[in-house]
Amino acid sequence: MSLSGPWPASAGLPEPRGQKRKAREGELAALVQKALSGRSPTSGPAPIDRRIEGFLTEHLHEVRQGKPVRFPEMISLHTYGMARAMSFPQNQSSYDNPLIKSYKCQNGVLHNPVNDKRTTVGVFHIAEGGLPIADDKKAVPLAVFNKLLDAALSPPEANMEVPFTAGSASPARAWVKLLARPLVCPEVPGFTAEKRMEFRLMAPSTMLANVDFVESVFGNAGEASLPDNDAALDAEHWSGHTGCLILAPHLLTLKKKDLGLPHWDQATERQRRDIMAWKDPEERYNNGGAFKICCLTKDGVFVTLLADNYFGYCKKDVKTQLSFACNLFGTEEEHAGGALACASISWGKEFRQDYRVFRPNHHYGEDSAVKYTFAESLKLLGDSVTMQPEGHAVDRKYPDICYVPEDAVANSETGRITWSGGEIFLVPGVVYIHPSGYQFSLQQTLDKKGWHIVGTVAEPMHCHKPSTVSGGGKSEISKLLSDMITFGQVRIDNVKR
């Protein structure tokens, strides 16, 4: 069979990956051309856009003097892959502009934004008038946010060029928008249905690569104008939260004075600390550095303006809005976590029962101790253990777990556990459980130079962080302190000092 001509699909062989990819690119190109020609599947603002416009209009009513917020006409990226197809000139394998350089590769695409590394210092700004603003975030007057919003929706013409039409006699210029439905609460059969928030991403066309990246992470929920994709018509599966991210790197050129920020002499102490005031009329907002400003309320709507084209901020802001929805809805967001911590102590060479091994929680004094007996334990354990001739019991499923009487005494020097009427060897690798639930075992000392008996309480402490950010320290509360200890000889010249 010759492979030089058209691939013989009738032969029942799979198409080569290159031919499938080429066919898919052709389909997407047709969708893009249809969208650019104005023959979109629907017209008018989609329900999600009306909800966002309504929220902003109401929230900014005073500073806008009743003027409604209206988004410009945008191309809807209603099919997965349209963003990637539009981010390259037709039939070309590369594209570059002042914000990004993009290349088609054998295994996908390579987007190199001008900003590919970022610090979080001074980045997070919150508009006043909504939820309380944390002290480590920069508070921004609502009137300033309003001017930033208007400026974000009026990007320079250079930022509007559609890469798909670059190089043509008359390149198209447009906004693009994407609908996504991140998962807020998974389905729990018999308890709750799956819940998702709605999220809208808007960007000038030169930032289609950013939209492609977000789509590859969070997916594409289709054409927002269609009733089937209207979250409000599916109350069972909508969490009730709406998010919006508007990409606007041109905001970096705006000046503090033009945005209405006060002069240094008229600024409050916090405004001075947050650099939300100016001394020189030419000072740029945030000193010309990248930032994102969020406007959010307890109503469950979250709008962000992102003045950068760093990919990481796009992804992280969707995750931030998803966390916002989760915390309002009552589920725990991605970064919740913790550990059940069972306190352990070294008993040295000998273990015997005292107030530390009694119920109820091993932290009270002798007066509140409750004594449990071996006979009561055996009743609770039932057929899960096997009694031994020596007078102790062994777990049927886990033979390295032994249950011993309440008067058992373990000694590492003799290597035995004794009680009235019996004794057994104290063996490393075996866990011995007292009737109270307290467990002990023979272990090497941390410096590996000897042996001691280690006891662990039966009732753990619940160390839990309901919501935090990456790097917040969740894993630290489940790590052994022994891993942080260095053993060795220490010389003390003056013991009294």
Side-chain angles (χ1 to χ4, degrees), residues 55-67 69 115 117-153 243-308 310 312-313 316-317 319-321 323-324 327-328 335 465-473:
F55 162 75
L56 291 172
T57 297
E58 180 179 356
H59 191 61
L60 302 174
H61 179 77
E62 292 187 11
V63 296
R64 295 182 69 87
Q65 298 180 347
K67 180 183 177 182
V69 174
N115 295 320
K117 293 182 180 178
R118 182 61 59 208
T119 174
T120 58
V121 177
V123 167
F124 304 114
H125 302 192
I126 309 293
E128 297 173 347
L131 294 174
I133 301 173
D135 190 62
D136 63 334
K137 304 296 187 294
K138 294 189 175 185
V140 182
L142 202 58
V144 175
F145 171 80
N146 177 56
K147 290 187 176 182
L148 287 169
L149 174 65
D150 286 341
L153 297 176
C244 177
L245 172 60
I246 303 174
L247 305 185
H250 58 282
L251 296 182
L252 300 180
T253 63
L254 300 183
K255 298 175 183 178
K256 296 179 181 179
K257 182 180 179 180
D258 295 340
L259 290 171
L261 285 172
H263 185 273
W264 190 265
D265 295 337
Q266 284 77 48
T268 65
E269 182 178 344
R270 178 164 185 170
Q271 286 176 327
R272 292 180 180 181
R273 187 201 67 179
D274 294 344
I275 322 179
M276 290 293 163
W278 55 273
K279 297 178 181 178
D280 183 343
E282 298 300 313
E283 285 182 37
R284 292 184 178 182
Y285 183 81
N286 203 43
N287 294 333
F291 69 93
K292 71 172 186 176
I293 179 168
C294 306
C295 180
L296 63 159
T297 72
K298 63 182 181 180
D299 294 332
V301 183
F302 193 126
V303 179
T304 300
L305 311 179
L306 176 55
D308 199 12
Y310 173 47
Y313 282 164
K316 289 178 181 177
D317 196 72
K319 294 174 69 176
T320 298
Q321 298 192 21
S323 298
F324 170 74
N327 291 331
L328 285 183
H335 291 293
K465 301 190 77 172
S467 60
T468 182
V469 296
S470 180

Visitor: Given side-chain contact (heavy atoms from CB on, under 4.5 Å), test Arg284 with Leu252 step by step and report yes or no.
Guide: CA-CA 7 Å; Arg284 292 184 178 182; Leu252 300 180; 5.6 Å; no
Visitor: Look only at the side chain of Asp280 and the backbone of Glu283, and say whether a donor-acceptor pair between them is shorter than 3.5 Å.
Guide: no
Visitor: Is there a side-chain contact between Arg273 and Asp135 in this structure, where contact means two heavy atoms from C-beta onward sitting under 4.5 Å apart?
Guide: yes
Visitor: Do Lys138 and Ile275 pass the side-chain contact (heavy atoms from CB on, under 4.5 Å) test, and can you show the C-alpha distance, the side-chain angles, and the key distance before you say yes or no?
Guide: CA-CA 9 Å; Lys138 294 189 175 185; Ile275 322 179; 4.3 Å; yes
Visitor: Minimum heavy-atom separation for Thr304 to Cys294, with atom names?
Guide: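 Scanning both residues, the minimum pair turns out to be OG1-SG, 3.5 Å.
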Visitor: Within a radius of less than 6.0 Å around CD of Glu62, do more than 12 heavy atoms belonging to other residues, nucleotides or ligands occur?
Guide: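 No, CD of Glu62 has 12 or fewer neighbouring heavy atoms, counting only those of other groups under 6.0 Å.
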Visitor: Check whether any side-chain heavy atom of Leu131 lies under 4.5 Å from a side-chain heavy atom of Phe324, and answer yes or no.
Guide: yes
Visitor: Which is it for His61 and Glu58 under the side-chain contact (heavy atoms from CB on, under 4.5 Å) test, yes or no, and what are the steps along the way?
Guide: CA-CA 5 Å; His61 179 77; Glu58 180 179 356; 5.7 Å; no
Visitor: Under the side-chain contact (heavy atoms from CB on, under 4.5 Å) rule, what do Val123 and Tyr310 come out as? Steps first, then yes or no, please.
Guide: CA-CA 12 Å; Val123 167; Tyr310 173 47; over 6 Å; no
Visitor: Could you measure the distance from the CZ atom of Phe291 to the CG atom of Leu306? Nearest 0.5 Å is fine.
Guide: 9.0 Å
Visitor: Knowing that exactly one of Leu56, Thr57, Asp150 qualifies, which makes a side-chain contact (heavy atoms from CB on, under 4.5 Å) with Arg64?
Guide: Asp150
Visitor: For Leu142 versus Ala127, what's the shortest heavy-atom pair and its separation?
Guide: CD1-CB, 4.2 Å
Visitor: Do Asn286 side-chain atoms and Ala290 backbone N/O form a donor-acceptor pair below 3.5 Å?
Guide: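 Yes: the side chain of Asn286 pairs with the backbone of Ala290.
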Visitor: Could you give the distance from SG (Cys295) to CG (Leu60), rounded to the nearest 0.5 Å?
Guide: 6.0 Å
Visitor: With respect to Glu282, which candidate in Lys257, Lys256, Lys255 satisfies the salt bridge (Lys or Arg N to Asp or Glu O under 4.0 Å) definition?
Guide: Lys255
Visitor: Using 30° and 60° as the class limits, which term best fits the ring planes of Phe55 and His59: parallel, tilted or perpendicular?
Guide: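 Judged by the thresholds at 30° and 60°, the geometry between Phe55 and His59 is parallel.
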Visitor: Check whether Thr297 reaches the backbone of Gly130 with its side chain - one donor and one acceptor, N or O, closer than 3.5 Å.
Guide: no
Visitor: Show which side-chain atoms of residues 258-269 pair as donor or acceptor with protein atoms under 3.5 Å away, not counting sequence neighbours.
Guide:
| from | atom 1 | to | atom 2 | distance (Å) |
| --- | --- | --- | --- | --- |
| His263 | ND1 | Asp265 | N | 3.0 |
| Thr268 | OG1 | Gln271 | N | 3.2 |
| Thr268 | OG1 | Gln271 | OE1 | 3.4 |

Visitor: Starting at CZ of Phe145, measure out to CG of Leu305 and round the result to the nearest 0.5 Å.
Guide: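 The CG atom of Leu305 is 4.5 Å from CZ of Phe145, to the nearest 0.5 Å.
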Visitor: How close do Ala139 and Ile133 get, counting heavy atoms only, and between which atoms?
Guide: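 Heavy atoms only, the tightest pair is CB-CD1, 3.8 Å.
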Visitor: Evaluate the side-chain proximity of Ile126 to Leu296: yes if any heavy-atom separation is below 4.5 Å, no if none is.
Guide: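 Contact flag for Leu296/Ile126 side chains = yes.
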Visitor: Does the ring centre of His125 sit less than 6.0 Å away from the ring centre of Tyr285?
Guide: yes
Visitor: If every non-hydrogen atom of Ile246 is compared with every non-hydrogen atom of Cys244, which pair is closest and at what distance?
Guide: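 The answer is CG1-SG, 3.9 Å.
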Visitor: Taking atom types as modelled, find out whether Asp317 and Gln321 have a side-chain donor-acceptor pair closer than 3.5 angstrom.
Guide: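 Present: a donor and an acceptor within the cut-off.
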